[in-house]
Asks: 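Structure provided below as structure tokens; questions to follow.
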Amino acid sequence: MTERDLLRTALIIPPKGRAVLCVWAAVPGVFCAPFVFWQGVAAGAGFCLLWGFLVYCLWARACSFAAVLGERTVTVYSGVALPVRQVLPRRAVTSVRLLRTPLLRLGGVSLLIVAAPGAKLILPAIPAQQAGLLAHILAEEAP
């Protein structure tokens with residue numbers, strides 16, 4: 001994949017990436033559930049339903065995520081009920097961090113954090129090859 005290919009496509013979270021995000025979100029609930037069940041079965045069941053709904057909301061938001069590399073900007077679209085668009089000029093990028101945990105590596109995805117004065121873009125669980133190329137492109141322009 002080249003920069004020209006990246007300019008023509010949007011970065012979306014693949015199904016394995018959404019699964020990784022949902023696992024990350026579910027783990028705290030799994031650890032907390034026994035303590036809530038200790039308070040009572042109804043409280044535990046309510047907690048599990050609420051936590052499951054929160055994980056579902058994260059999955060739905062991950063389905064709506066798209067990052068687009070433009071000639072002069074990086075634009076991120078996300079949101080289901082309240083769509084959000086974040087635009088970051090490419091020349092304003094001060095640092096780029098690429099994170100790969102074992103779970104991300106297993107899913108073939110990476111976490112990319114792009115920082116600029118007054119802004120921080122977090123691109124979760126995007127395909128590793130595209131994340132590496134985007135990090136390289138943005139790091140070249142960083143001062």
Asks: Hey, could you give me the CG/CG distance between Leu112 and Leu123, rounded to the nearest 0.5 Å?
Replies: 5.0 Å

Asks: Could you pull out all residues at least two apart from Ala128 that satisfy side chain to side chain contact (heavy atoms under 4.5 Å, CB included)?
Replies: Arg100, Ser110

Asks: Do Arg90 and Leu69 have side chains that get closer than 4.5 Å, going by heavy atoms?
Replies: yes

Asks: Look up atom CG in Leu133 and atom CG in Leu138, then write down how far apart they are to the nearest 0.5 Å.
Replies: 9.5 Å

Asks: With the 4.5 Å side-chain cut-off for hydrophobic clustering, are Val76 and Ile122 part of the same group?
Replies: yes

Asks: Examine Val30 and Val36 and state if one hydrophobic cluster contains both, with Ile, Leu, Val, Met, Phe, Trp and Tyr joined whenever side-chain heavy atoms are less than 4.5 Å apart.
Replies: no

Asks: If Ile, Leu, Val, Met, Phe, Trp and Tyr residues are connected whenever their side-chain heavy atoms lie under 4.5 Å apart, and connections chain through other members, are Leu103 and Val27 in the same group?
Replies: yes

Asks: How long is the straight-line distance from CG of Leu134 back to CD1 of Ile126, given to the nearest 0.5 Å?
Replies: 6.0 Å

Asks: Check for me, please, whether Val87 and Val74 land in the same ILVMFWY cluster - side-chain distances under 4.5 Å, paths through other members count.
Replies: no

Asks: Taking atom CZ of Arg105 as the centre, report whether more than 12 heavy atoms of other residues, nucleotides or ligands fall under 6.0 Å from it.
Replies: yes

Asks: At what distance, to the nearest 0.5 angstrom, does CG of Leu99 lie from OG1 of Thr101?
Replies: 6.0 Å

Asks: Is the shortest side-chain heavy-atom distance between Gln86 and Leu121 below 4.5 Å?
Replies: yes

Asks: Counting only pairs under 3.5 Å, give me each side-chain donor-acceptor contact of residues 43-68, with atom names and distances, residues two or more places apart or in other chains.
Replies:
residue, atom, partner, partner atom, Å
Trp51, NE1, Ala25, O, 2.8
Arg61, NH2, Ser78, OG, 3.1
Ser64, OG, Arg61, O, 2.8
Ser64, OG, Gly79, N, 2.9
Ser64, OG, Gly79, O, 3.3

Asks: Just jot down the side chain to side chain contact (heavy atoms under 4.5 Å, CB included) partners of Lys16, sequence neighbours excluded, or say none.
Replies: none

Asks: For residues Ile13 and Leu21, determine if any side-chain heavy atom of one lies less than 4.5 Å from a side-chain heavy atom of the other.
Replies: yes

Asks: Carefully, step by step, assess Leu88 and Val114 under the rule side chain to side chain contact (heavy atoms under 4.5 Å, CB included).
Replies: CA-CA 9 Å; Leu88 185 67; Val114 181; 3.7 Å; yes

Asks: Decide whether Ile12 and Val109 are clustered together by the hydrophobic rule: side chain heavy atoms of Ile, Leu, Val, Met, Phe, Trp, Tyr closer than 4.5 Å, transitively.
Replies: no

